[in-house]
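The chains referred to below are lettered A, B, ... by the order of the sequence lines, with proteins before strands, and numbering in each begins at 1. Treat the numbers as computed from the prediction; the structure is a model and nothing was measured.
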Amino acid sequence: MAEEKELRYDPAAIEPKWQERWAADPALYAAEPDAHGKPKYYVLEMLPYPSGQLHMGHVRNYSIGDALARHMWMRGYNVLHPMGWDAFGLPAENAALKNNTPPREWTLSNIAAMKRQMQRLGLGYDWATEVTTCLPEYYRWNQWFFLRMYERGLAYRKKSKVNWCPQCATVLANEQVIDGRCWRHEDQIVEQRDLVQWFFRITAYAQELLDGLDKLDGWPEKVRTMQRNWIGRSEGTEVDFSVEGRSEKIRVFTTRVDTIFGATSVQLAPEHPLVAALAVEDAALCAQVDQLIAEQKAARETGDIGGIEKHGVPTRAFAINPYNGEKVPVWIANYILADYGTGAIMSVPAHDERDFEFATKYGILIRRVIAPADPAAEEPVLPFVSEDGILINSGAYNGLTCEAAQKKLQEVAAAGGFGEAKVTFRIKDWGVSRQRYWGTPIPMIHCERDGLVPVPDDQLPVVLPPQIEITQQGGSPLSRVPDFVNVICPRCGGAALRETDTMDTFVDSSWYFYRYTDAKNASAPFDSRRAGYWFPIDQYIGGVEHAILHLIYSRFWTKVMRDLGLIVNDEPATRLFTQGMVIKDGAKMSKSKGNVVSPDDMVARYGADATRMYALFAAPPDRDLDWQEDGVAGVSRFLGRVWRLVTKYAAAAQAGRGAEAVAQGAAAQQLQRKLHQTIAKITLDFEGRWHFNTCVAAIMELVNEMQGADAQLAAGEVSVPVLYELLRNLILLLAPFAPFIAAELWEELGEKSAILRAPWPVSNPALAKEDEIEIPVQVNGKLVTVVRVSAEADTKTIESTALSDEKVQSRAAGKTVAKVIVVPRKLVNLVVK
RNA sequence: GCGGAAGUGGUGAAAUGGCAAACACACCAGCCUUAGGAGCUGGCGCCGCGAGGCUUGCGGGUUCAAGUCCCGCCUUCCGCACCA
């Protein structure tokens with residue numbers, strides 16, 4: 001009975017055994033810088049937020065990364081494959097409110113639960129390098145970096161309009177506002193508030209962040225495009241218009257200074273500084289401006305700033321065009337943004353759609369100053385938006401091309417001291433202050449005498465007080481902890497107050513992957529030599545939702561660390577892979593839709609191997625994957641077939657170990673050929689194509705073929721060494737995708753050492769080659785028949801074989817063969833008339 | 001509006017310009033019985049009894065040959081969007 005039971009594949013019987021063995025052997029997945037010439041490979045999956053439960057997106061992400069890591073181990077690389085926890089963040093505070101559990105306890109118990117899930121899935125991480133961002137051992141280095149950035153002017157404080165989410169009760173970065181709503185609360189409109197906040201000067205690296213994208217050819221084009229748009233570089237000119245009867249000037253930013261003779265008004269953002277001055281003198285205007293501000297705010301909050309109905313009010317002021325002294329009216333308009341460019345524009349209705357719409361609505365003069373480059377062209381319809389033209393109505397500049405005029409006008413402005421060429425970026429500095437408890441305390445002190453005083457390095461870390469009352473009240477919960485707030489000023493020794501804002505959690509994830517290289521370092525964020533060995537990351541894998549937030553912050557942080565002399569690489573990762581979403585019934589899995597599939601459930605029913613393998617099999621990794629449980633069951637049945645096949649022949653095959661596998665007879669040759677074809681296919685895919693769905697399919701084909709030859713195997717028609725070769729390599733091919741069953745069957749085959757240390761199989765092209773191949777024969781492009789020829793058959797042989805075929809002859813009868821195309825090994829096409 | 005990706009059976013999907021639908025799921029028919037979430041055999045794009053014809057969102061084009069390349073359009077998804 002017991003013997004027969006063993007014939008059945010039972011993941012619940014084998015998986016726990018290997019989980020225990022692997023947990024007891026930390027050296028298995030361990031990585032150390034290696035001086036013996038083994039090439040290094042750093043494969044990284046984005047670290048999860050410890051919500052307490054892995055979801056299928058995680059399973060998919062980690063199944064891809066783990067398959068790659070295992071493959072690279074077997075290829076003989078020194079592999080770093082780490083995992084950690086993005087452990088700060090608001091959910092821990094919400095859980096504290098709800099369950100009265102301290103955030104730290106809640107987070108750490110979630111981490112323990114998710115780690116167990118990962119071990120159940122058999123993911124091969126080096127837990128010795130585990131990073132947990134909410135522990136002082138980690139976040140003290142956030143504080144250390146903050147101080148280094150403060151010293152260099154890269155961290156600074158300013159009062160500004162900030163994005164405020166009432167549900168988070170904190171400020172959000174621009175990157176965390178999506179269509180005017182909070183990135184965590186889709187139904188929450190983000191409010192604008194004036195607050196003093198800490199910022200990181202990411203704009204200092206705007207140009208380098210942009211230029212670097214061109215070199216990141218291992219990143220998806222989509223991500224690069226998104227980052228380019230986000231950085232939003234724009235080349236143009238700033239020009240001062242003086243204001244009649246006033247000392248202030250209006251500086252405008254334009255990308256089309258060549259059209260400046262067509263500027264018939266100047267438009268100010270409602271919150272432009274000059275507007276306040278003008279409104280003071282004009283009560284009616286003041287009310288109208290408030291109206292414009294309200295409209296702009298409303299549009300921003302609904303996320304539809306593009307759809308705002310253009311509305312403006314005239315002022316009594318006139319601006320003077322510095323090039324020709326022309327007086328143009330100054331307007332205030334609701335579509336001009338105070339925080340882009342200079343918050344003021346020159347309006348050229350003839351050559352700009354928005355300006356045209358506005359001028360038409362309010363009856364402002366429209367003057368054409370650009371003619372089509374082709375003199376024979378028809379009179380253009382206004383607005384004529386083209387940079388390919390010739391200046392007219394532009395005084396001394398008439399006849400110049402747009403491009404030449406821009407250059408000339410910039411020179412004149414610079415010489416005249418009223419303007420200059422200017423590059424503007426859309427990206428803004430990164431607001432990092434959060435009025436929350438569960439984050440890294442900002443290491444600064446406010447002293448009445450000394451002002452802002454950094455916490456000295458030797459007083460780091462500034463530790464979060466463990467006992468704290470979490471409430472939904474405004475302001476940081478830390479501000480209500482006197483022991484935390486009241487400090488001695490490090491400079492004057494007097495009483496002072498600690499900064500109570502904490503850092504955005506995206507700070508934590510901006511450099512965590514460096515910490516993996518030296519996770520226990522207590523005297524530095526990491527050792528530069530260790531990071532130098534492992535970096536850059538060879539393959540980073542995660543969701544496309546981080547294309548802007550995490551991935552742009554990480555690139556920024558890398559450049560800052562490079563400038564601090566800690567590392568030498570300019571970019572964190574050479575290759576980035578963004579996997580598709582896991583969906584169910586056509587929709588993203590979510591609690592509200594009730595279509596969530598639990599990984600634990602899948603593992604309990606079908607085993608970790610089937611769950612992981614299905615995640616790779618159901619779709620190519622970059623596409624969305626529709627989770628169908630029947631498919632998991634199918635993969636599980638497949639593994640059952642593998643199990644029966646290998647266990648049936650494992651004992652007999654072992655005698656063939658070490659002997660040369662020479663295939664005699666058609667069945668053996670065909671099986672060996674299929675094996676070597678499969679090895680070649682899968683190896684090639686790991687090298688870049690990454691169609692793991694077809695890799696799994698290829699293994700299925702191999703197994704189907706072996707199963708189909710069961711009678712021959714049973715009859716001993718396949719020699720023992722060939723049988724051994726077949727089983728051994730089948731198991732090796734399976735190992736990256738289904739590590740548990742592979743380990744078990746490896747042992748079954750009499751192997752004592754870890755399969756992870758076994759060399760990846762190498763395909764022998766001579767054995768993979770077909771002897772005879774089928775060549776389709778077409779007549780006028782239509783398939784007529786298929787002929788069998790030798791794989792080496794030359795063009796002539798193939799042609800004569802095809803022409804002598806009965807079906808071909810009957811098709812061609814009575815017609816002239818105009819042409820015969822023969823593609824060796826591919827096809828024959830007869831063109832007949 | 002701008003930019004990107006995609007559109008192939010009932011479903012997930014496969015196909016260096018060279019036999020469209022590999023591999024699975026579901027379904028159908030049969031076999032087996034230790035009755036299992038098992039196993040085995042066969043069938044399964046559409047029309048047609050059949051011979052055969054048709055088929056990769058739509059319309060053109062290039063080519064001996066197009067799911068694949070080019071042009072135009074439609075649809076879906078994603079990102080950006082008065083950014084001056």
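Taking the charged nitrogens against the carboxylate oxygens, A:Lys584 and A:Glu629 have no contact shorter than 4.0 Å, which rules out a salt bridge. The pair A:Arg233-A:Glu235 counts as a salt bridge, with a side-chain nitrogen and a carboxylate oxygen less than 4.0 angstrom apart. A salt bridge between A:Lys796 and A:Glu799 is absent, with no side-chain N of the basic residue lying under 4.0 Å from a carboxylate O of the acidic one.
Taking 4.0 angstrom as the limit, A:Arg228 places none of its side-chain polar atoms (N or O) nearer than this to OP1 or OP2 of B:G4. In this structure, A:Asn704 reaches the B:A24 phosphate: one of its side-chain N or O atoms is under 4.0 Å from OP1 or OP2. Taking side-chain N and O atoms only, A:Ser234 has a distance below 4.0 Å to OP1 or OP2 of B:A84. In this model, the phosphate group of B:A15 is approached by a side-chain N or O of A:His691 to a distance below 4.0 Å at OP1 or OP2. At least one side-chain nitrogen or oxygen of A:Arg354 sits closer than 4.0 Å to the OP1 or OP2 atom of B:C83.
Residue A:Asp624 is classed as a sugar-phosphate contact, given heavy-atom separations below 4.0 Å to backbone atoms only. Across all strands shown, A:Arg689 has heavy atoms under 4.0 Å from sugar-phosphate atoms exclusively, and none from any base. Residue A:Glu774 is in base contact, counting any heavy-atom pair closer than 4.0 Å across all strands shown. In this structure, A:Gln227 reaches neither bases nor backbone, as no heavy-atom distance under 4.0 Å exists between it and the strands shown. A:Lys782 comes within contact range of the sugar-phosphate backbone alone, with a heavy-atom separation under 4.0 Å but no base atom that close. Among the heavy atoms of the strands, none lies under 4.0 Å from A:Gly232. Residue-level contact check: A:Ile336 touches the bases, meaning some heavy atom is under 4.0 Å from a base atom. Counting any heavy atom pair closer than 4.0 Å across all strands shown, A:Ala618 reaches sugar-phosphate atoms only and no base atom. Within the nucleic acid shown, A:Asn693 comes within 4.0 Å of sugar-phosphate atoms alone, with no base atom in reach, counting heavy atoms only.
Here the side chain of A:Tyr340 is nearest to one of B:C19, B:C40, B:A84, namely B:A84. The nucleotide whose nearest atom lies closest to any side-chain atom of A:Leu337 is, among B:A13, B:C83, B:G79, B:C83. Each of B:C83, B:G18, B:A15 was ranked by its minimum atom distance to the side chain of A:Val823; first place goes to B:G18.
Proximity of residues 254-263 of chain A to RNA chain B (heavy atom under 4.0 angstrom from any strand atom) is restricted to A:Thr254, A:Thr255. Scanning residues 675-686 of chain A for heavy-atom distances under 4.0 Å to RNA chain B yields an empty list.
Checking side-chain atoms of A:Asp685 against main-chain N and O of A:His691 turns up a donor-acceptor pair under 3.5 Å.
In summary, of the residues considered (A:Phe686, A:Phe617, A:Phe577), a ring-ring contact (aromatic ring centres under 6.0 Å, His included) with A:Phe692 occurs for A:Phe686 alone.
Taking atom C1' on both nucleotides, B:G48 is separated from B:G12 by 30 Å, rounded to a whole Å. One P atom belongs to B:C46, the other to B:U55, and the distance between them is 16 Å to the nearest Å. Only the C1' atoms considered, B:G67 is 11 Å distant from B:A21, to the nearest whole Å. For the P atoms, the distance from B:G57 to B:U11 is 14 Å, rounded to whole Å.
If you measure from atom CZ of A:Phe617 to atom P of B:A22, you get 12 Å, rounded to the nearest angstrom. The distance between atom CG of A:Leu625 and atom C1' of B:C77, rounded to the nearest whole Å, is 16 Å.
For the residue pair A:Thr694 / A:Lys681, a side-chain donor-acceptor distance below 3.5 Å is found, with atom types taken as modelled. With no hydrogens or angles considered, no side-chain donor-acceptor pair links A:Gln296 and A:Asn334 at under 3.5 Å. No side-chain donor from either of A:Gln707 and A:Arg644 sits under 3.5 Å from a side-chain acceptor of the other.
Pair check for B:A22 finds none; no Watson-Crick or G-U wobble contact set falls under 3.5 Å.
One can find a donor-acceptor pair under 3.5 Å joining the base of B:C64 and the side-chain atoms of A:Asn829.
Around the CD atom of A:Glu772, the shell of radius 6.0 Å holds more than 12 heavy atoms that belong to other residues, nucleotides or ligands.
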